[in-house]
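Structure first, commentary second.
Predicted model, so just to flag it, every value in this text is computed and none were measured. Chain identifiers are assigned alphabetically (A, B, ...) following the order of the sequence lines, protein sequences preceding nucleic acid strands; residue numbering begins at 1 within each chain.
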Amino acid sequence: MGYDPQAIEARWQAYWEEHQTFRAEVDLEKPKYYVLDMFPYPSGNGLHVGHVEGYTATDIVARYKRMRGFNVLHPMGWDAFGLPAERHAMKSGRHPAEVIVETSGNFRSQLKRLGFSYDWTREINTTDPGYYKWTQWIFLQMWKHYYDREAKTAKPIEELPIPASVRDAGDDAVAAYRDGRRLAYLNEAPVNWCPALRIVLANEEVAEHVEQGYEVIRRPMKQWMLRITEYADRLLEDLEGLDWPSHVLEIQRNWVGRSEGAQIAFAIEGHEGATLEVFTTRPDTLYGATYMVLAPEHPLVATIASSTQKADVDAYVKQTSLRTERDRQAASAEGIKTGVDTGARAIHPLTGETIPIFIADYVLMGYGTGAIMAVPAHDERDHAFAKAKSLSIVQVVAPAKGDAVDVQEAAFVGMGKAVNSPIIDGLPTAEAKAKMIEHLVEKELGVATINYKLRDWLFSRQRYWGEPFPLAYAQDGTVSPIPEDALPVELPSVPDYNPSEEGEPPLARATQWRELPGGLKREVNTMPQWAGSCWYYLRFADPGNADAPWAKDIERYWLPVDLYVGGVEHAATHLLYSRFWHKVLYDLGWVHTAEPFERLVNQGMILGATYVPLDKRRDDDGKKVSFLHEQVDITEDDKGSEVCTVKETGERVEVQWDKMSKSKGNVVNPDEVVSEYGADAIRVYEMFMGPLEQSAPWQTTGLAGTHRFLQRAHRLVWDEAGAVRDMPEGEGTPRQRKLLHKTIAEVTERTDRMGFNTAIASMMVFVRDIQAEGEPIARGAAEQFALLLAPYAPHLAEEMWSALGHSDTLTYEPWPAHEPSLLVDDTFTLVLQVGGKRRGELVAPKSASKEELEAMARESDVVIKWLDGRTPRRVIVVPGRLINFVV
RNA sequence: GCCCGGGUGGUGUAACUGGUAGGCACGGGGGACUUAAAAUCCCCUUCCGUACGGAGUGCGGGUUCGAUUCCCGCCCCGGGCACCA
């Protein structure tokens, strides 16, 4: 009986389960290691091979670290709130909770079949009231705190200093003042409304939905917001110390979008006391400001528009509010600028000249002050607008060197030196900026400021399947929190998951649930899907705690996460949101580090094959024509290149690798792979495909290769009849021993740096060369090899370990150590080069001096032949490597 | 447009700080075992050339005794950002 993965894997999975092998407890004697996967949304489609890649990588690290003596926390759970379950519920008439129990159960058994070493006693589910109780609790803390900008920390709202003028205005004014400062606050503002889904979207979610073909429009609504912008600078600064992929850091920096500049005040003609504040990163171009632009939503628009322009302005404002995001994006891509003159005139703070004030939708209300000074000579957008409206363009920056530029033709946006700017003429841009700010401050016309692209996080959704807010409203609209001891606010059953007829969220249908004593009515919005995933990594440390989100001493032991692995698609959403929550919790003393995830790794995608015609034609419905693997014959031409033809028609097609998706039909189901080749084979195959971070195509033939490797490894220990071989004690012949220790050294180093593909290659070499030796493997060598294999193919490794006479799991066996002296040779291969070309080699003693090496080389046949009597101009000797005769 | 990655055999990939390019696999070819097939094992497999040899890590230059590795200029692929003043 040969290698039988099904039997081996079932046996060891049962053993691990029965012995609770991977259960983790706080142990202050041992160093901890927290290795985490981005937990999945348990969809009805089940696990796919893409999940397997990341989860295998973390499992290897978890198993390896256990053997290196770490106390490893490696948990798994379900991010189970969200739209798909709700839609499934709408279709099937079943409650989402019921569906989730089923789908997460399916995920769990799939994960167990792959042999992942999770501590299943820590399994969490974001939709469990025992879990979302604390999601609500954290939200309440945000509601109860404000951000102290001086102290750079969150503080209880009671400590918020109240200005005397507010206090004098009475209790309502004080309450309103506080409400305006809370980290969680209500805001009536234009939101990204998706009519098809009947929900609002966070800014971070818009692009994704538009891409999927949904319409997203701007619409004013009262919504809960989280004041993430107060943390913008810390979210940016703290990226510094993180061991994260550079592109994720870049995405986050981009998203926070810090820019330094100045805020400058312009007076408005005929409106004494009113000033128009603008933000600019180029205060040095102030003299070039020839007009002003307000966002159509700007509050001053209504008051300053002149009577003659009023109608045009109103029409433009209305038109803008109805435009979709997609429209505006499309227009921006084409550089089309629209806008109308308000008729009002601003007074240039330095020259005293009057300049026109426009409104235009290329200026965004949400950024800076919602108003700009337009400098058409040095800004492309302003230039385009000025051209469209025939406004004057005045150059105030010239290139520092090189030819003059014509700013009437095109904007010059680069750095240079100031011109036509009396107080800063001749200064290079950087100095000009500083000098200008200094001047503005002195004259009380402006201040230096920093702006961020980041906006506050829109945190409510008009859906059923999410965490209810722990808040209620009085008749007059004032908000009161649900007491902490009354949490969780459980999701009620509703007769219908659609928004109500009045357009209220589905929870409004739970009329009884909604009513509270004293005429209070519960909030009927729910939290977005991101809420539960903002802190799940903390709950894993202490998942059963009923009295607190987690115990602080337990958090202090397990956190932060040492290694976090997941897809890059969460770079601007989940990773930013959870960092924000973590910082709030840090300010409140609930966590002891400023950052949650020390090291982040993004696994690449596993690509599936479809076959497309060479002309890439579309069918009658406009869909690209494509064929699946089963429909195609693959042969080779005389050059060895692949030739693919459609079986039925013989048409030539070519392979195309895409992200696996149901609609493309190129998805590989891991269950089928496990049934055919075993969990160890799919684990090893996915790691062998290439570096973890890189995307790679799924090729079933490659999988067969790793299966063969495991078979060969199996044969080291068992003979053809399935009996354990007679093995000599010790580590074998000197050559076997040396091979073993070289393998230990390589696998250790490569596993350490997560070079899993190369670690596997080195184990393959070991198995091949041990077999080639002809001698059976020695027991000691087989044991150590089993330990090296354990993180990668844990079932087979356990089976070997057991066959070698051990009654316990190898999970906590110490990782093998190599003997360095065995890796040192007394001789090496000296490469002989003549004229920089490799001409031969010889074996030389390590101890030989440069002179001795040169003498040996000169005597060799190849060198004599290639020197051909010439005297080398120079001889380069690199001891241990090569010798080069330069001719 | 800007910013990050990345281009190595027919394919996925490997190569420490500049020092033998092609290790490990897949695919392909040949062979052994077998009545036969499957499975397994062994050998060959960068290209050109009959050979001595030559060329070769996207392209073109450069530095160096020596470059996949460092520098300059391009090309291509993937990803991110994009009215953010």
Could you please name the option among B:A82, B:A85, B:G79 that lies closest to any side-chain atom of A:Glu250?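 Nearest to the side-chain atoms of A:Glu250, counting from C-beta on, is B:G79.
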
Checking contacts here: which listed nucleotide (B:A55, B:A82, B:G53) is nearest the side-chain heavy atoms of A:Lys837?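 Among B:A55, B:A82, B:G53, the one nearest the side chain of A:Lys837 is B:A55.
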
Presence of A:Arg839 side-chain N/O under 4.0 Å of B:G53 phosphate oxygens OP1/OP2: no

Select base, sugar-phosphate, or nothing to describe what [X] touches, counting heavy atoms under 4.0 Å on all strands.
| X | result |
| --- | --- |
| A:Val878 | base |
| A:Gln771 | nothing |
| A:Ser259 | sugar-phosphate |
| A:Arg873 | nothing |
| A:Pro691 | sugar-phosphate |
| A:Val831 | base |
| A:Arg750 | nothing |
| A:Gln711 | sugar-phosphate |

Is there a donor and acceptor pair closer than 3.5 Å between the side chain of A:Arg881 and the base of B:C65? no

Assess whether one donor atom and one acceptor atom, taken from the side chain of A:Asn254 and the base of B:C81, lie less than 3.5 Å apart. no

Is there a Watson-Crick or G-U wobble partner for [N] with both distances under 3.5 Å, and which nucleotide is it?
| N | result |
| --- | --- |
| B:A55 | B:U46 |
| B:A82 | none |
| B:A39 | none |

For RNA chain B, whose closest nucleotide is more 5', that of A:Gly702 or that of A:Gly366? A:Gly702

Which residue lies toward the 5' end of RNA chain B, A:Met373 or A:Thr758, if each is placed at its nearest nucleotide? A:Thr758

Measure the acute angle between the ring planes of A:His570 and A:His574, then classify it against the limits of 30° and 60° as parallel, tilted or perpendicular. perpendicular

Quick check, are the ring centers of [X] and [Y] under 6.0 angstrom apart?
| X | Y | value |
| --- | --- | --- |
| A:Tyr367 | A:Tyr452 | no |
| A:Phe885 | A:Trp866 | no |
| A:Tyr3 | A:His707 | yes |

What is the distance from CG of A:Asn757 to C1' of B:U11, rounded to the nearest Å? 16 Å

Within 45° of the six-membered ring axis of A:Tyr362 and under 6.0 Å from that ring's centre, is NZ or CZ of A:Lys337 located there? yes

Taking syn as within 90° of 0 and anti otherwise, name the glycosidic form of B:G9. syn

Rounding to an integer number of angstrom, what distance separates B:G66 and B:C76 when you compare their C1' atoms?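 The answer is 29 Å between these two C1' atoms.
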
